[in-house]
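All values below were derived from every heavy atom in this structure, side-chain atoms included, with hydrogens, water molecules and symmetry-related copies excluded. Counting starts at 1 for both ligands and their atoms, following the listed order.
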Amino acid sequence: MKEWQKETVYQIYPRSFQDSNGDGIGDINGIISRLDYLQKLGIGLIWLTPMYLSPGNDNGYDIADYYRIDPVFGTMDDFEKLLSEAHKRDIKIIMDMVLNHTSNENSWFKEALKSKDNPYHNYYIWRDPVDGHEPNNWVSKFSGSAWKYVPELDQYYLHLYDVTMPDLNWRNENLRAEIFKMLTYWANKGIDGFRLDVINNISKDKNMPNDTFNTPLDDGRNFYTNGPHVHEYIHEMYEKVFGPNKFVTVGELSSTPISEAVKYTNPKRQELSMAFTFHHVKVDYTNGKKWTLGHYKLTDLTSILSAWQTQMQRHGGWNALFWNNHDQPRAISRFTNDDEYRDQSAKLLAMVEFGLQGTPYIYQGDEIAMKNAYFTDIKQYKDHESINAYHEMLKNGMSEDLALQILQQKSRENSRLPMQWDSTKYYGFTTGQPWLKPQHHDDYSVEKVLKTKNNIFDFYRALIFLRKHKTVLVDGEYKLLNPKDNSVYSYERFNNKRKILVMANFTEHAQERDVAAGFDLILGNYGDMQLNQGKITLRPYESVMLEKK
Ligand code: NOJ
């Protein structure tokens, strides 16, 4: 068993974590000042979303220089200090690495624009116009066409994301050599791993432009998701960088079936340590569409989670477990009750996640039950994806009201609100004006939560502790109980010595269920349990973890 399989990862979105210089944007010195807090929580690794030099059109996922820290976050010295301060506390640092695209302000792209003969031109993906328009009908994940015309070259470049984020051409060996060199530079700094952004999109099908404009609207994902050479490219990174440096790596794998996720993460293949996949957080999409008002059925959620649990384990893959990250609205607002049952809901989600097989991730604020932003005006949003989607919805005839409601539910900006440290106006996040302002004052903060008895933070600490000390939670098999239950999610984890049972009531009504004889409570979000003669009554949003004597 590898250490990182027992550990918990904490995701920091630096821009919204802790500002130290009053400019309203979180920074590296802010993170350093909170390392003791994270150590107290008990996490073993931190994943930092990108802090490289960037114009910030996608909050750092648009990298202008892979070798520099953006001055907004601090200096390279600050970064090195963060690394050594984290290591002193036995916390590893995983850097986000974006290899599918760069910013259009990256010097590689600036060179690429100069001429078709420039050696950097082929670092990106270019196509000639077809009958005077885009080479194909693909849409960008940030709305509109995935192609941008450059008149000086009479060519289009591909951008699967923002128009300012051109896709890199991994078929070009020189590009790959540059990337390996750059990854080695970071490895030599002493970091402990990478979270690899949309890494399963880096190998595009050679024939993609043949998908012409006349075929039905398509986002083209079949032509670039888990493409023909992706496993070779990742294995090459493993051989050159990840393996020799004993890195912990996690791949962001959108739209990926279990069979592929197994390939990426089975250690025999020497690619990645673990996989982020997203089927469970798409469970409230209507007909697969994100920008809709969605509802979900618990049985859909539990059947997705269960398929990933059993099949990844059977075939030697490894899951990265999460409910939240900087791209998701808060799960507490989405799957549970963020109002009357806020504490219970936060703890229930934590318990369900930590009971599963894989490595759990906490996104900043989960440990104090942060919830959605509930913005009421499009002007409050900064995120290009959300703003573009809003305009697209209006263009398609939707009312402003409905479009805003949809954003309230689905926008990723919901999870980007600054961290709530104390009860002051901007929660001790900044002494200036925060880059993203909350709509309402929320009375949940680290200060308040830590003063409360049986608080959420301590609940997370208990779960982190349990995972370190009960190996059945790490290596035990998983079994879903009562697959048709639409109110209570019950599953077991077991090996030949121990058995753990997790039960979580996802409703605001009491639910009675059978429990086999011989189970004791290890942890529950109400502190006790109501078990009588083989029947447990689960109170609203109650969750319990039991162990067989
Ligand atoms: C996934 C990142 O998590 C997201 O924030 C970003 O917009 C896209 N990849 C593009 O890099």
Side-chain angles (χ1 to χ4, degrees), residues 9 11-17 26 46-64 66 70 94-106 109 124-125 138-144 146 148 157-168 170 179 194-202 204 219-221 224-226 230 249-256 264 272 274-279 281-282 290-291 320 322-331 361 363-364 381-389 407 410-417 435-436:
V9 187
Q11 183 194 348
I12 292 184
Y13 196 63
R15 175 173 292 271
S16 298
F17 191 61
I46 292 174
W47 151 30
L48 296 164
T49 62
M51 299 198 294
Y52 314 93
L53 189 74
S54 162
N57 289 331
D58 193 19
N59 289 356
Y61 284 93
D62 45 332
I63 300 179
Y66 286 101
D70 197 297
I94 296 186
M95 299 271 285
D96 218 310
M97 185 45 79
V98 190
L99 302 176
N100 179 67
H101 45 264
T102 67
S103 158
N104 59 354
E105 293 188 20
N106 193 298
F109 193 69
Y124 295 88
I125 299 174
W138 294 4
V139 285
S140 139
K141 291 173 195 281
F142 284 11
S143 308
K148 171 76 181 163
Y157 67 82
L158 178 71
H159 63 92
L160 293 181
Y161 295 88
D162 196 59
V163 62
T164 63
M165 291 151 65
D167 278 52
L168 287 165
W170 273 73
I179 297 234
F194 289 121
R195 176 267 189 190
L196 295 140
D197 189 63
V198 293
I199 196 66
N200 61 327
N201 290 345
I202 58 176
K204 275 83 173 169
D219 62 11
R221 79 181 56 188
Y224 59 74
T225 307
N226 308 317
V230 68
T249 52
V250 51
E252 189 198 21
L253 308 176
S254 60
S255 308
T256 292
Y264 287 109
L272 303 172
M274 52 187 144
F276 277 129
T277 59
F278 299 90
H279 298 76
V281 285
K282 293 186 178 172
K290 171 167 173 168
W291 301 110
F322 73 100
W323 287 115
N324 289 312
N325 64 33
H326 63 291
D327 290 331
Q328 299 295 328
R330 292 273 179 186
Y361 284 66
Y363 176 60
Q364 64 185 48
Y381 290 87
K382 302 275 187 280
D383 169 40
H384 285 210
E385 187 204 35
S386 308
I387 297 169
N388 293 351
L407 288 190
K410 295 285 177 63
S411 165
R412 58 187 189 169
E413 202 93 279
N414 280 303
S415 60
R416 296 181 175 183
L417 279 181
W435 73 274
L436 187 66

Ionic contact status for Glu413 with Lys382, cut-off 4.0 Å: no
Which of the ligand 1 atoms, numbered from 1, are nearer than 4.0 Å to a heavy atom of Val198: 9 (N)
Flag for Thr102-Tyr66: side-chain donor and acceptor within less than 3.5 Å: no
Residue pair Thr164 / Asp62, side-chain donor-acceptor N/O under 3.5 Å: no
Of the listed options Val98, Asp327, Asn201, Ile199, closest to atom 3 (O) of ligand 1 (non-hydrogen atoms): Asp327
Salt-bridge criterion met for Arg412 and Asp58 (N-O under 4.0 Å): yes
Distance filter under 4.0 Å to Glu252 heavy atoms, resulting ligand 1 atoms: 1 (C), 3 (O), 9 (N)
Proximity to ligand 1 by part of Arg416, non-hydrogen separation under 4.0 Å: side chain
Region of His101 engaging ligand 1 - heavy atom pairs below 4.0 Å: side chain
Check: Asn226/Tyr264 side-chain N/O donor and acceptor closer than 3.5 Å: yes
Side chain, backbone, both or neither: the part of Phe142 lying under 4.0 Å from ligand 1 by heavy atom: side chain
Close aromatic pair by centroid cut-off 6.0 Å: His326 and Tyr13: yes
Nearest-contact summary for atom 6 (C) of ligand 1 - protein heavy atom, Å: Asp58 OD2, 3.2 Å
Ligand 1 contact on Gln328 by region, counting heavy-atom pairs under 4.0 Å: neither
Whether over 12 other heavy atoms sit under 6.0 Å from Lys290 NZ: yes
Ligand 1 contact on Lys141 by region, counting heavy-atom pairs under 4.0 Å: neither
Minimum-distance protein heavy atom relative to atom 11 (O) of ligand 1: Asp197 OD2, 2.7 Å
Within-cut-off N or O pair, Tyr161 and ligand 1, under 3.5 Å: no
Donor-acceptor side-chain pairing of Asn388 and Lys141 below 3.5 angstrom: no
Subset of ligand 1 atoms that lie under 4.0 Å from at least one heavy atom of Arg412: 4 (C), 5 (O), 6 (C), 7 (O)
